[in-house]
Amino acid sequence: MLLRIFAAILLMLFSVSAMAGSKPHVVILATGGTIAGEAPDNTQTTGYKAGALGVEALINAVPEAKKYADISGEQVANIGSENMTSDVTLRLSRRVNQLLARDDVNGVVITHGTDTLDETPYLLNLTVKSDKPVVFTAAMRPSTAISADGPMNLLEAVQIAASPSSRDRGVLMVMNDRIGSARFTRKTNTTALDTFKAPEQGYLGQIAGGRIYWENRIEKKHTKNSVFDDRNLKVLPQVVIIQGYQDDPAYMFDAAIEHHAQGIIYVGTGNGSASTRIEAAMRKAEKAGIIVVRSSRTGSGIATMSDSLPGLAADSLSPDKARILLALALTKTHRPDTIQKYFHQY
Ligand code: SIN
């Protein structure tokens, strides 16, 4: 009898330690933003300092995340995302690739400011060579605010990064219980918590009652099926965005030529349309060797190829995501037909 009790205790101890050892390992890479922001007053939700807390403080604020994963953290930057530049985002991408190549890392969470969160996740969607989960999260309220949204967003991001069900879905963006694809999700409101949306394509899934519900898959190419490789890239080629409107001046295109831009995203009216004045400016830029891509200022829909206008078409990419794709495309080719194909595929 004693022997059987002893064996049962041994078995219990063994299974507890096996369970502990079997927890996934998630690495949190912190880059700053409001999720790491601090204000002197708990009602202050604008005009605070973004990127004030370090990664350890973020992790310590959510001890519940250890339920899903063994967690380690690294500080990649600590800045407001309006100050993100491609030397930082490419360094981040390289670090994610290094981490995900390790057998002992199951997923990565990246904390980031919301203001340019349309851009960095899409860059990594094209440059990360792994199908392990890469999950961006952020916050609209600083850590010091009443009902700060950062801790719950971080908890859910860790849960998603730790889950094998999140593999091979492209880079994900998690906020406010919603899981979005980096390809389609954009910031749509200046201050509201539910600012991240994909107006036409919707979310990939959501979290409710502590459970992940997947609802859609992304059809566009991403991560390990992407042809883009950032290993030797220190900064992105210069691609500028020019906004279209009534009376928009053609000299913006002259400035792009003068400053040796390699690409221009034109944010056209409607279906990427442009006045006769801008049409001439686009042709001049193309003659100077610049790749011009027409996108739309409407915020949704597809910018299609035109029989009459010059330039390529951005497909359903927002202008700032189109800038990322064109910049990466220019590291591989200057052939317009190949670049147009990328815009349809990615
Ligand atoms: C930022 O983008 O870093 C500031 C704004 C925010 O995170 O909400």
Side-chain angles (χ1 to χ4, degrees), residues 28-62 73-93 95-96 108-125 134-158 160-161 171-180 182 184-199 203 236 241 299 318-321 323-324:
I28 298 179
L29 300 178
T31 70
T34 293
I35 193 165
E38 273 186 330
D41 186 314
N42 66 2
T43 59
Q44 191 178 331
T45 55
T46 61
Y48 49 84
K49 178 172 166 33
L53 297 182
V55 65
E56 286 309 320
L58 295 182
I59 294 171
N60 290 340
V62 195
E74 292 178 22
Q75 195 77 48
V76 174
N78 209 358
I79 53 179
S81 72
E82 67 281 5
N83 285 317
M84 273 291 166
T85 44
S86 63
D87 58 327
V88 181
T89 56
L90 288 166
R91 184 155 51 80
L92 175 68
S93 166
R95 185 63 188 139
V96 171
V108 168
V109 167
I110 299 157
T111 59
H112 194 286
T114 62
D115 284 351
T116 62
L117 196 57
D118 294 20
E119 297 173 54
T120 312
Y122 184 54
L123 173 74
L124 269 65
N125 197 51
V134 178
V135 185
F136 277 77
T137 195
M140 289 298 287
R141 292 182 182 149
S143 65
T144 42
I146 301 170
S147 298
D149 50 334
M152 185 56 101
N153 287 344
L154 185 57
L155 176 68
E156 292 186 346
V158 169
I160 290 162
V171 172
L172 303 170
M173 294 160 69
V174 175
M175 281 182 75
N176 225 29
D177 303 334
R178 306 296 202 284
I179 311 167
F184 295 111
T185 311
R186 294 186 296 110
K187 188 171 188 178
T188 63
N189 188 290
T190 52
T191 57
L193 258 59
D194 64 337
T195 175
F196 280 93
K197 298 193 170 145
Y203 297 110
L236 288 175
I241 301 178
S318 63
D320 33 354
K321 290 185 199 283
R323 181 189 73 89
I324 302 277

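FYI, side chains are in, hydrogens and waters are out, and symmetry mates aren't considered; it's all heavy atoms of this structure. Predicted model only: the values in this text are computed from it and were never measured. Order of listing sets the numbers, starting from 1, for every ligand and every atom in it.
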For the atom pair OH (Tyr122) and CZ (Phe184), what is the distance rounded to the nearest 0.5 Å? 8.5 Å
Indicate yes or no: does Lys187 engage Asp115 in a salt bridge with an N to O separation below 4.0 Å. yes
Please name the pair of heavy atoms, one in Ala138 and one in Leu117, separated by the smallest distance, quoted to 0.1 Å. CB-CD2, 3.8 Å
Compare every heavy atom of Pro142 with every heavy atom of Glu38, then report the nearest pair and how far apart it is. N-CB, 4.2 Å
Looking at Asn153, Ile28, Leu155, which hits side chain to side chain contact (heavy atoms under 4.5 Å, CB included) with Val62? Leu155
Residue pair Arg91 / Val76: nearest heavy atoms and the distance that separates them: NH1-O, 3.2 Å
Pairwise, report which nitrogen or oxygen atoms of ligand 1 are under 3.5 angstrom from protein nitrogen or oxygen atoms, and how far apart they are.
{"from": "ligand 1", "atom 1": "2 (O)", "to": "Ser81", "atom 2": "OG", "distance (Å)": "2.6"}
{"from": "ligand 1", "atom 1": "2 (O)", "to": "Thr114", "atom 2": "N", "distance (Å)": "3.2"}
{"from": "ligand 1", "atom 1": "2 (O)", "to": "Asp115", "atom 2": "N", "distance (Å)": "2.9"}
{"from": "ligand 1", "atom 1": "3 (O)", "to": "Ser81", "atom 2": "N", "distance (Å)": "2.6"}
{"from": "ligand 1", "atom 1": "7 (O)", "to": "Thr34", "atom 2": "N", "distance (Å)": "2.9"}
{"from": "ligand 1", "atom 1": "7 (O)", "to": "Thr34", "atom 2": "OG1", "distance (Å)": "2.9"}
{"from": "ligand 1", "atom 1": "7 (O)", "to": "Thr114", "atom 2": "N", "distance (Å)": "2.8"}
{"from": "ligand 1", "atom 1": "8 (O)", "to": "Thr34", "atom 2": "OG1", "distance (Å)": "2.9"}
{"from": "ligand 1", "atom 1": "8 (O)", "to": "Thr114", "atom 2": "OG1", "distance (Å)": "2.5"}
{"from": "ligand 1", "atom 1": "8 (O)", "to": "Ala139", "atom 2": "O", "distance (Å)": "3.3"}

